Amino acid sequence: MLASWAAAGPLTGLAPLSAAEPSGARKTIGIQVGAVSFVDQGADPVLDLLQERGAVNTVFLTTFTYGRGLAGRQIPGQPFPDHGAQESDEKFFHGGNYATPHPEFYRDTVLKQTRAPDHGDLDIVATVLPAAKKRGMKLFCSVEDVFRSDVPGVKEVAEVDLQGRRTGTLCLFHPDVRAFWTGLVTDLCKSYDIDGILFFNERNGPLLNALGASHAQSIASSRVTCFCEHHQRAAKQRGIDFERARQGYQKLDQFIQAALKGQRPSDGYFVEFWRLLVEWPEIIVWDRLFDAAKHQVLAEVNAAVKAVRANLQVGFHVEHVNSFNPIFRATRSYADLATKADFLKVVVYNNCGGERYANFIRNVGSTVFRDVPKEELLRFNNHLLNYGDEAKLDELATAGLSPDYVFRETQRALAGVDGKCRILPGIDIGIPTGKDSRQASPKDTYAAVAAALKAGADGIILSRKYSEMRLANLSAAGRAVREFQR
Ligand SMILES: [Zn+2]
């Protein structure tokens, strides 16, 4: 324990370890794995390797998504790790439901045809589940809200943007979309003897999308969502003025576009932005409406799973932006999320976190905080977030964020849920970064895992997918777990 403590590097603000700290043996040591890894390498060999190297006791099997973050081999263009097929799956990667959809669960939705064609008739849950059980490993189905626009039904349930255009994302107030998510998780929980569901929804509301105030996105103030009929109806029920919301977002769009061109308002960028919020409070209200729909789906998914069997566990993935954007952070109450889940997978990806945090600072520094020198903005934001001594802006991508960041964000989540649900920090192993950005060494992975466990986490989830992880990093994670358990 002392060794892992030391290797985690200088951690400031540590709480003293209590003698009553629960034994490491009960912790969830999870890993996210996509279907293709089991297809390429075989269920038994992969599970043996995960147990031996990573001390893994729980598999989060990517069962539904059209996205490459959780499914598929390595992201095209990125170097392959030292295991699995060394060839891109671009030719056959499609995504969808990697289990077998049973039609009776999709009666109330137009989203009926989602079977992933990638691996023929293979049912990945039926394939991996017995192999996991044989080893005493738990298995959760990971389900992610990432679609493609050519899936039958998507066009009918898609969001509508500020300009009235249909988009490729699903409206979370649409009854068919809500019925799809509850139908899917009910199907998985009834059809397979799994341990539960991990639900992913990384979609942001219109305010964040307008500001580009996340890490990976462009500033999309003209394309924010959702202004569809279902959102209009939900607004009416809540006494929200749809027209005022639309006009507010048009004003915000004009402000953002002018700011990007460096057209400074006479009172300055921040004052003008704040004035917009004061004069058009519907901007905030409409953003809250997006969150209400998103959280309603989470609550419905939770209820649907519990209706199948009360002891099935439900977890929610809490996206990365929550750890570096104070505006977003204010909209994510851990205490509230704890009422809808058994555990939260809190993203604390510290390696790619440096690059992402720098992008976030540059994005908000080009609009709302354009009057502030970016280095000073970074320092200021570090204080708001209770970050410790992280790298300077131009060094953040190559330095990554520290294990201390992992520690602090884990403790913040634990304090937020106050024992009402479990906290499983998501640990970054090999998440692709830019050419000149940090590539995590085994030492980095070791330090991040040790920091999360030291902070009192109920376990960890190695992320994002086995098919992008190097074996030495996986071993380093396992070593940190075993040393902690000793
Ligand atoms: Zn809508």
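The structure displayed is predicted, hence computed values, not measured ones. Note that ligands are numbered from 1 as they come in the structure, with each ligand's atoms numbered from 1 the same way.
For T169, the side chain to side chain contact (heavy atoms under 4.5 Å, CB included) partners are E159, T167, R203, not counting sequence neighbours. The side chain to side chain contact (heavy atoms under 4.5 Å, CB included) test applied to E300 returns R178, T182, Q296, not counting sequence neighbours. With sequence neighbours excluded, the residues satisfying side chain to side chain contact (heavy atoms under 4.5 Å, CB included) with P326 are F360, N381, L384, L385.
Checking each of R288, R244, K251 against E282 for a salt bridge (charged side-chain N to carboxylate O under 4.0 Å, His left out) leaves exactly one that passes, namely R244.
Taking the six-membered ring for Trp, F200 and H317 have ring centres closer than 6.0 Å. Side-chain rings of F369 and F380 stay apart, their centers remaining 6.0 Å or farther from each other.
Inside a sphere of radius 2.8 Å centred on the Zn ion (ligand 1), the protein N/O/S atoms present are C171 SG, C226 SG, C228 SG, H231 ND1.
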